[in-house]
Amino acid sequence: MLLYIHVPFCSTRCRYCAFHSSPLGRGVDAASSPAVRDYVDTLFLELAHWGDQLGGSEVQSVFFGGGTPSLLSPRIIGLTMERINKYFRLVPKAEVTLEANPESLRGGHRAAQYLDAGINRLSIGVQSMDEGMLRLLGRPHKAQDSLHVAFLAREAGCANINLDLMWGLPGQSVRQWLQTLKDVIRMTPDHISAYGLTLEPGTPLELDVEEGRLTLPPERDQNIMFMEGAAMLEQHGYMHYEISNFARMGFQCRHNMGYWEGEDYLGLGPSATSTINNRRWTNPSSQAAWNARTREGKLAQTVEELTPETRVLELLMLRLRTARGLRVKEYREMTGRDFVRDHQRLVQALHENGLIRIRQGYLRLTRSGMLVSNSILSNLFARTREVLKQAALSGGLKPQAVESPEGTVAQSALHEDSPEIRPVRWPNA
């Protein structure tokens with residue numbers, strides 16, 4: 001399985017962020033924070049709980065996400081890794097990722113200390129190399145900090161570095177986005193994640209756009225950012241292997257690939273989601289509620305049994321995010337039905353418009369198809385639900401395949417009123 005650890009702390013909250021996090025304040029030492037100490041104590045209890053329940057399970061990858069996990073000291077990360085090794089079987093050369101903001105890695109030998117603690121992949125939240133864009137996003141670092149920490153990480157011996165970027169920002173031009181990519185390419189990371197901005201409800205950035213103080217780039221410019229940005233990255237050796245992710249050969253993120261391939265994952269920490277043996281649950285988002293639930297030993301109290309329909313919809317959503325695409329044989333194995341026959345009209349229309357390709361048993365989105373992936377998936381979902389319902393009524397599928405509960409990942413990840421251009425993100429990413 002995969003192991004995700006949510007660290008719910010950051011120094012300040014960025015203006016676009018809707019993830020669960022608790023700002024500690026600029027200059028506050030996380031090591032002296034009572035909230036951080038309580039978090040670490042509860043995390044170790046949660047690890048022990050799942051060690052009892054799933055002890056000895058093989059773990060392929062560990063991902064410290066947040067928030068800003070690099071606010072935790074290398075010593076705490078090292079102690080966490082010791083407990084993971086105690087309760088589970090970490091495979092040889094497992095990928096162990098730590099998300100970090102540039103300003104939190106500036107101090108001396110901190111990057112090297114994280115490597116000594118067991119981290120072998122650093123994911124650095126650069127977001128932009130334009131100072132104006134960084135201020136607009138509320139990022140606490142400067143472009144020079146990103147250059148500096150990328151150099152420090154490489155000098156410390158980190159052989160797997162990802163840089164996170166955002167495009168489609170208010171007031172951003174195509175030229176500014178392509179210049180950020182050029183600057184980042186010169187930093188020679190092994191992996192680049194480039195996410196289109198999603199205006200999350202209730203965030204300061206969304207309010208600024210809603211009230212007209214800021215304006216998103218025209219849709220045409222955003223299309224160009226995606227298409228030309230992806231082409232530039234591929235020209236420099238970064239394979240476009242998922243809608244928002246690019247990697248040098250052999251450096252695809254194994255943890256996220258596990259999500260997209262439908263592998264089991266255990267999520268620890270406030271708001272973290274788990275899916276194991278077709279059962280899904282989510283921890284309370286409040287740290288106090290998560291503390292109480294963990295200390296009472298009442299984890300995974302509300303569990304959703306994934307229905308056949310939910311699993312089919314997630315198969316479509318997850319596989320079509322990747323450049324490899326959907327192996328149509330998997331659809332047949334899950335439903336007993338032929339995918340192309342079930343979706344004949346839609347498949348034909350998408351193919352004629354250059355949005356999909358079918359080759360050697362795989363159906364995949366072209367780059368133009370990735371640009372409108374939400375729209376394509378919405379249509380696929382509607383047709384798939386109809387097909388499965390008809391099949392169930394005729395006795396071709398089990399009755400429980402007809403309905404799926406609200407709030408599943410497949411349903412919540414797609415919003416019909418969101419712009420088509422916005423790639424969806426996985427909850428634990």
Side-chain angles (χ1 to χ4, degrees), residues 95 97 121 123-129 160-169 172 174 176-198 217 219-262 316-327 350-351 353-377 380 413 419-426 429:
E95 178 188 86
T97 300
R121 182 176 184 269
S123 181
I124 303 171
V126 172
Q127 311 310 351
S128 178
M129 294 298 288
N160 195 346
I161 298 174
N162 169 63
L163 301 183
D164 263 355
L165 303 174
M166 297 179 72
W167 56 271
L169 308 178
Q172 187 179 45
V174 172
Q176 285 174 312
W177 168 238
L178 296 180
Q179 185 58 54
T180 279
L181 285 181
K182 290 175 184 175
D183 293 341
V184 165
I185 289 168
R186 282 196 286 268
M187 294 159 69
T188 65
D190 308 289
H191 188 285
I192 295 172
S193 296
Y195 294 102
L197 172 68
T198 298
E219 185 175 329
R220 176 181 175 277
D221 285 1
Q222 294 188 51
N223 293 350
I224 294 171
M225 289 180 194
F226 180 80
M227 300 294 283
E228 291 196 7
M232 177 187 292
L233 288 169
E234 287 206 326
Q235 288 167 7
H236 286 84
Y238 293 93
M239 179 175 60
H240 191 185
Y241 74 98
E242 191 269 345
I243 289 178
S244 304
N245 287 276
F246 304 79
R248 296 192 186 280
M249 189 63 69
F251 287 94
Q252 296 94 324
C253 178
R254 283 151 49 194
H255 186 85
N256 284 344
M257 286 295 290
Y259 287 145
W260 302 322
E261 292 294 328
L316 300 180
M317 182 185 76
L318 298 174
R319 299 301 195 276
L320 289 177
R321 289 188 62 86
T322 67
R324 188 181 185 188
L326 169 72
R327 186 167 67 98
L350 293 173
H351 190 268
N353 285 279
L355 300 176
I356 62 169
R357 294 284 182 271
I358 304 176
R359 185 179 179 188
Q360 296 180 338
Y362 283 85
L363 183 146
R364 65 177 183 85
L365 300 182
T366 63
R367 188 166 292 153
S368 296
M370 288 180 175
L371 192 61
V372 291
S373 60
N374 281 5
S375 179
I376 291 172
L377 287 170
L380 273 177
E420 293 178 337
I421 198 169
R422 309 286 186 232
V424 294
R425 294 190 69 176
W426 191 257

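Treat the numbers as computed from the prediction; the structure is a model and nothing was measured. Hydrogens, waters and symmetry mates play no part in the numbers below; they use all other heavy atoms, side chains included.
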Chemist: So which atom in C253 and which in R121 form the shortest heavy-atom distance, rounded to 0.1 Å?
Modeler: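 Minimum heavy-atom separation between C253 and R121: CB-NH2, 3.6 Å.
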Chemist: Any idea which heavy atoms bring Y259 and L318 closest together, and the distance?
Modeler: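 In this case the closest contact between Y259 and L318 is O-CD1, 3.5 Å.
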Chemist: For the residue pair F226 and H240, categorise the inter-ring angle as parallel (less than 30°), tilted (30 to 60°) or perpendicular (more than 60°).
Modeler: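 Perpendicular: the ring planes of F226 and H240 meet at over 60°.
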Chemist: Which distance, rounded to the nearest 0.5 Å, do you find between the CG of L320 and the CZ of R364?
Modeler: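 Separation between the atoms: 11.5 Å.
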Chemist: Please report the shortest heavy-atom distance between G229 and L181, naming the atom on each side.
Modeler: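 Taking G229 first and L181 second, the nearest heavy atoms are CA-CD1, 3.5 Å.
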Chemist: Is there a side chain to side chain contact (heavy atoms under 4.5 Å, CB included) between W177 and I224? Walk through the geometry before answering.
Modeler: CA-CA 10 Å; W177 168 238; I224 294 171; over 6 Å; no
Chemist: Any non-hydrogen side-chain atom of E242 less than 4.5 Å from a side-chain atom of N256?
Modeler: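 No. Closest side-chain heavy atoms not under 4.5 Å.
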Chemist: How long is the span from the CG atom in L169 to the CD atom in Q222, to the nearest 0.5 Å?
Modeler: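 One gets 9.5 Å once the value is rounded to the nearest 0.5 Å.
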Chemist: Are M187 and D183 close enough that some pair of their side-chain heavy atoms sits under 4.5 Å apart?
Modeler: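 No, too far: nothing below the 4.5 Å cut-off.
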Chemist: For side chain to side chain contact (heavy atoms under 4.5 Å, CB included), just list the numbers for V184 and Y238, CA-CA rounded to whole Å, side-chain angles, deciding distance to a tenth of an Å, and then say yes or no.
Modeler: CA-CA 12 Å; V184 165; Y238 293 93; over 6 Å; no
Chemist: Indicate the atoms forming the closest heavy-atom contact of S368 with G354, along with that distance.
Modeler: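 Closest heavy-atom pair between S368 and G354: CB-O, 4.2 Å.
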Chemist: Between the side chain of Q172 and the main-chain N/O of G168, is any donor-acceptor distance below 3.5 Å?
Modeler: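 Present.
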Chemist: So, taking the atom named CG in L371 and the one named CG in L355, what distance separates them when rounded to the nearest 0.5 Å?
Modeler: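 Result: 9.5 Å between the selected atoms.
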Chemist: Indicate the atoms forming the closest heavy-atom contact of D164 with N162, along with that distance.
Modeler: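 For D164 and N162, the tightest heavy-atom pair comes out as OD1-ND2, 3.3 Å.
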Chemist: Is there side-chain contact between R319 and R327, with at least one heavy-atom pair below 4.5 Å?
Modeler: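 No, every pair of side-chain atoms sits at 4.5 Å or beyond.
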Chemist: Kindly compute the distance separating CD (E228) from CG (L178), expressed to the nearest 0.5 Å.
Modeler: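 Interatomic distance, E228 CD to L178 CG, rounded to 0.5 Å: 6.0 Å.
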Chemist: Atom CD1 of I192 and atom CG of L165: how far apart are they, to the nearest 0.5 Å?
Modeler: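 Separation between the atoms: 6.5 Å.
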Chemist: If we ignore hydrogens and angles and just use 3.5 Å, is the side chain of T180 paired with the main-chain N or O of M129 as donor and acceptor?
Modeler: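 Present.
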Chemist: Closest approach of G369 and I376, non-hydrogen atoms and distance?
Modeler: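 It is O-CD1, 3.6 Å.
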Chemist: Answer yes or no: is there a side-chain heavy-atom contact under 4.5 Å between F251 and P189?
Modeler: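 They are not in contact (no side-chain heavy atoms under 4.5 Å apart), so the answer is no.
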Chemist: For the CD1 atom of I243 and the OG atom of S373, what is their distance to the nearest 0.5 Å?
Modeler: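 Answer for the CD1-OG pair, I243 versus S373, is 3.5 Å.
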Chemist: For Y241, run the side-chain hydrogen bond (donor to acceptor under 3.5 Å, both in side chains) check against H191, R321, Q252 and tell me which one passes.
Modeler: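 Passing option: H191.
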